[in-house]
Structures are given as C-alpha cells and as structure tokens.
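What follows is a short report on a single structure.
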Amino acid sequence: MGSSPDQRSRFRGALLGVVVGDALGAPLEGHPGLVPAERVRALEEDHVDLLYTDDTAMTIALAESLLERGELDQDHLATCFVAHYRRQPDRGYGPGTARLLSELAGGAAWGPAAASQFGGQGSFGNGAAMRVAPVALHAGGDLSRVGDLARRSAVVTHTHPAAVDGAVAQATAIALALRAPAAGPLDRSAFLAAVVAAVGDGEMADALRSVSDLVESDERPSPTAVAARTGTGVAASESVPAAIAASLAWPDSFVGTVRYAISLGGDTDTIASMAAAVAGARLGEDAVPARWRERTEAAPLLVELADRFAEGAGARRAGPAN
Ligand code: AR6
Ligand code: MG
C-alpha cells in the first residue's frame, strides 16, 4: 500500500463514495433479504450507466449550500433542496421528503413543516444521514464541529431524534475516517465507540452498540449476522448502523465495503452510499475503481465539489494574510 492519501484525495474519495455507492446500489433498492453475490457482480459487470438518486441529489444540494454560504445556513439549505427537487422530482425521494419539499416549494416554512411530518413525530428516515458527507468536509474532519453541523443540516427536513442522530453518526464516521491513517489496521473498536459517543444516549446509540461485538471480532461478520442485528430498512436506526458496520467489515477495501453493503439487501443504495463515503474518506480516491467511476453519472461534479472543500480547508490552514 502506498503512502496515506492526502486530504484532497480523501475528500474526493468521500464524495465519490456517496455517488458510486448510491448509483451501484440503486437497481437493487428494496431487495427483500440478502442479495446473492452473483447479483452484486452482475451489477458491477453490466455496461449501462449508473444513475444517481435522491441520496446524491441531496448531497449535491448540501455541498452547494455550504460552499456558497461558507457556513450552514438552514434557510439557504432548504432553498437548495427545493431547487434540486423541482428540477428533478423523479430521483426517488422518500415519500415524506417529497411531500415536504413540495410544501416548501409552495411557500411553507421549513421549521414547522418538517416538525409536522408523520403526525408531528418528524421523519425517522435515513434522508438526513444519507446526504451528510459535505458537513464532514466543511468541518475538515474537526470532530468538535461535526455533530452540531450535522444536527442543523438534518432538522431542515428530518426532526425525529433517530434521524438527527443518524446524521450525526454518519457525519462523525466520515470525519473520523478523514483523519484515520490509511496504512495499518483501523482500530474498529475505538472508531465505533467515538461514533456512539458523538450521538449520545438513545435509539441510534443502542442500535450502533448492538453491532459492537460483530465489528470488534477478529473474524469478518457475516452479512446475515449484521442484517439480523441492525435491519436494513429506510429507518435511520436500521440503515445507518448497517452502513457503518459494512465500512468496518472491510476497513481496507472500498470495493469490499460496497459489495458487502449491497449484499445486506433492503435500502441497498443508501446503505452502500453511506458505507462507501466512509471507506472513500479513509482510503482516498484511488481506492475507487476507475471502471465504476467512469460509469457513474455526475462523478466529475462530485470531484469538483470535493476539491472546492479541499481548497477552503487549505486556505483556513494557511490562515489570514496578516
Ligand atoms: N412514522 C412512520 N413512518 C415513518 C416515520 C414516522 N415518524 N418517519 C419515516 N417513516 P421519508 P427519507 C417511514 O419519507 O428519509 C429514498 O429511496 C415512511 O415509510 O421522510 O428522505 C432514499 O434512497 C417514510 O416514507 O424519506 C432513501 O432510501 C420512510 O420512512 C430514502 O428514500 C422514509 O422517510 C430516504 O428517505
Ligand atoms: Mg435508498
């Protein structure tokens, strides 16, 4: 293995992970039960273009908002989500998110509209977690900022505590991966403990803890065991722990992580997207196979957005001119 990838390569790896995992996993979204390895291979070997879905569309919107405003501006973010949704409403948005974005497009304020979803519970879907990668890039891997930024990005559409904590967990996992040495073994136990600590007590922390023995074992856990513990549905409390477990099942392989994540079945695009973002953040863009990247819609746009975050982080490190 070569030297540790630099920050630009890791930023690219994280956002390429989002789009490649999403686009590769999308054809199997909703698959009941585990996906046989042959079905995953068939997807990989196909020659059709890999099209991205709402997971990536919302990631692009969040990235553009952070880059344009230089901060997490919730009103602006809501406007960016709505603009993407209006341009391309058929990207596969979750039903609650589609309804909410239509309400916002009609002039509703995001705060009360998001809070009133699902009879006032707010959405517990994984929509806030699946799009959160740009928050980790904006924070440059600074863990002290990631949780608060992730929370504020989540509540624009998802107010249920499990959805908000899912976004915090996923953003923290990416931020940790951005800082983790790529050479040598990853301390999986410390990694999971840091993610749990970031979310605090509750349903998400419990769900993450439920896989700790599997993740820490010297043997790679079987997809059957992980899926049985976490579930693989669109609820953040299922798919976020499933994705983090997938990234820790194959900590040194982007390809292994994506294959494993898709094999879990259920919300395959979102689980693969979240797992691949973590893998790409640690392993860098060279870990993303060229054959996947070339087939994936909008991969160059995600690279461009990653580079803009890297330039911002570089400028901050250099400090003001005087
Ligand atoms: N009570 C009951 N069901 C709920 C609740 C709740 N409080 N919250 C969510 N659900 P949604 P998302 C169920 O619609 O999170 C795309 O395919 C309900 O069935 O807010 O943006 C992506 O690829 C609801 O429709 O959207 C992701 O897989 C569903 O959870 C996913 O959709 C999803 O919540 C992202 O969905
Ligand atoms: Mg999905």
Side-chain angles (χ1 to χ4, degrees), residues 17-32 35 43 50-62 77-78 80-82 84-85 88-105 108 110 113-133 150-151 153-171 202-204 207 227 230-243 246 258 261-277 297-298:
V18 171
V19 69
V20 167
D22 172 26
L24 204 54
L28 287 169
E29 187 179 27
H31 190 278
V35 178
L43 269 183
L50 296 168
L51 304 178
Y52 73 77
T53 76
D54 58 316
D55 304 46
T56 301
M58 296 196 93
T59 301
I60 294 170
L62 175 50
L77 178 58
C80 289
F81 287 150
V82 169
H84 276 264
Y85 176 69
Q88 298 184 323
D90 298 327
R91 285 278 179 189
Y93 286 84
T97 299
R99 186 175 58 233
L100 171 69
L101 294 177
S102 301
E103 288 171 25
L104 302 191
W110 59 263
S116 70
Q117 294 298 304
F118 297 97
Q121 280 197 339
S123 171
F124 56 55
N126 54 22
M130 71 189 186
R131 68 183 186 227
V132 83
R151 260 180 218 104
S153 73
V155 295
V156 173
T157 54
H158 288 63
T159 62
H160 191 287
V164 177
D165 281 349
V168 172
Q170 173 63 7
E203 190 181 351
M204 181 57 59
T230 61
T232 58
V234 294
S237 60
E238 297 193 9
S239 34
V240 172
V258 172
I262 294 175
S263 79
L264 295 173
D267 195 359
T268 47
D269 58 344
T270 305
I271 297 174
S273 179
M274 293 192 290
E297 181 191 9

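Order of appearance sets the numbers: ligands from 1, and atoms from 1 within every ligand.
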Atoms named by residue and atom, protein N, O or S, within reach of the Mg ion (ligand 2) (under 2.8 Å): Glu29 OE2, Asp267 OD1, Asp269 OD1, Thr270 OG1
Under 3.5 Å: donor-acceptor pair, side chain of Gln88, backbone of His84: no
Contact with ligand 1 for Arg99, non-hydrogen, under 4.0 angstrom: no
Just distances here: any N/O of Thr97 and N/O of ligand 1 closer than 3.5 Å? yes
Tell me whether ligand 1 is touched by His158 - counting only heavy atoms on the residue side and a distance under 4.0 Å. yes
Between Ser123 and His160, is there a side-chain heavy-atom distance shorter than 4.5 Å? no
Between Phe124 and Phe118, what is the ring plane arrangement, given parallel below 30°, perpendicular above 60°, and tilted in between? parallel
Determine whether a donor-acceptor pair (N or O, by modelled atom type, separation under 3.5 Å) exists between the side chain of Thr268 and the backbone of Gly265. no
Any donor-acceptor N or O pair under 3.5 Å, side chains Asp267, Thr232: no
Validation row: Leu24, Val258 side chains within 4.5 angstrom (heavy atoms): yes
Could you check whether any side-chain heavy atom of Val168 comes within less than 4.5 Å of a side-chain heavy atom of Arg151, counting everything from C-beta outward? yes
Is there a donor-acceptor contact under 3.5 Å from the side chain of Ser239 to the main chain of Gly233? yes
Do Val156 and Phe81 have side chains that get closer than 4.5 Å, going by heavy atoms? yes
Please answer whether the main-chain N or O of Thr53 pairs with a side-chain N or O of Asp22 as donor and acceptor at a distance below 3.5 Å. yes
If we ignore hydrogens and angles and just use 3.5 Å, is the side chain of Gln170 paired with the main-chain N or O of Met274 as donor and acceptor? yes
Could you find the nearest protein heavy atom to atom 7 (N) of ligand 1 and give me its residue, atom name and distance? Gln121 OE1, 2.6 Å
Which atoms of ligand 1 have any heavy atom of Asp55 under 4.0 Å away? 22 (C), 23 (O)
For atom 14 (O) of ligand 1, the closest protein heavy atom turns out to be Gly96 N, 2.6 Å
Near Asp267 (heavy-atom distance under 4.0 Å), the atoms of ligand 1 are 27 (C), 28 (O)
Within the structure, does Glu29 bring an N/O atom to less than 3.5 angstrom of an N/O atom in ligand 1? yes
Exercise: identify the closest heavy-atom pair between Ser273 and Val18: OG-O, 2.8 Å
Tell me the contacting part of Asp22 for ligand 1: side chain, backbone, both, or neither, using a 4.0 Å heavy-atom threshold, strictly below. neither
How close do Val164 and His158 get, counting heavy atoms only, and between which atoms? CG2-O, 3.4 Å
May I ask you to check if ligand 1 and Phe124 share an N or O to N or O distance below 3.5 Å? yes
Need the ligand 1 atom indices (1-based, order shown) with element for anything under 4.0 Å from a heavy-atom of Asp269. 23 (O)
How close does the nearest protein non-hydrogen atom get to atom 24 (C) of ligand 1, and which residue and atom is it? Phe118 CZ, 3.6 Å
Taking distance alone, with N or O pairs closer than 3.5 Å, would you say Val234 contacts ligand 1? no
What I'd like to find out is whether the side chain of Cys80 reaches to under 4.5 Å of the side chain of Leu62, using heavy atoms alone. no
Flag side-chain contact, heavy atom, 4.5 Å: Arg131 against Thr56: no
Considering only protein heavy atoms, determine whether one is less than 4.0 Å from atom 28 (O) of ligand 1. yes
Counting C-beta onward and ignoring hydrogens, is there a side-chain heavy-atom pair between Leu101 and Leu104 closer than 4.5 Å? yes
Atom 11 (P) of ligand 1: which protein heavy atom is closest, and how many Å away? Ser123 OG, 3.6 Å
Ligand 1 atoms in contact with Gly92 (distance to a heavy atom under 4.0 Å): 16 (C), 17 (O)
When you measure from atom 22 (C) of ligand 1 to every protein heavy atom, which one gives the shortest distance, and what is it? Asp54 OD2, 3.2 Å
For ligand 1, does Asn126 get within less than 4.0 Å through its side chain, its backbone, both, or neither, judged by non-hydrogen atoms? both
Contact check: Tyr93 vs ligand 1, nitrogen or oxygen atoms, below 3.5 angstrom: no
Below the 3.5 angstrom mark, is there an N/O of Gly122, backbone or side chain, next to an N/O of ligand 1? yes
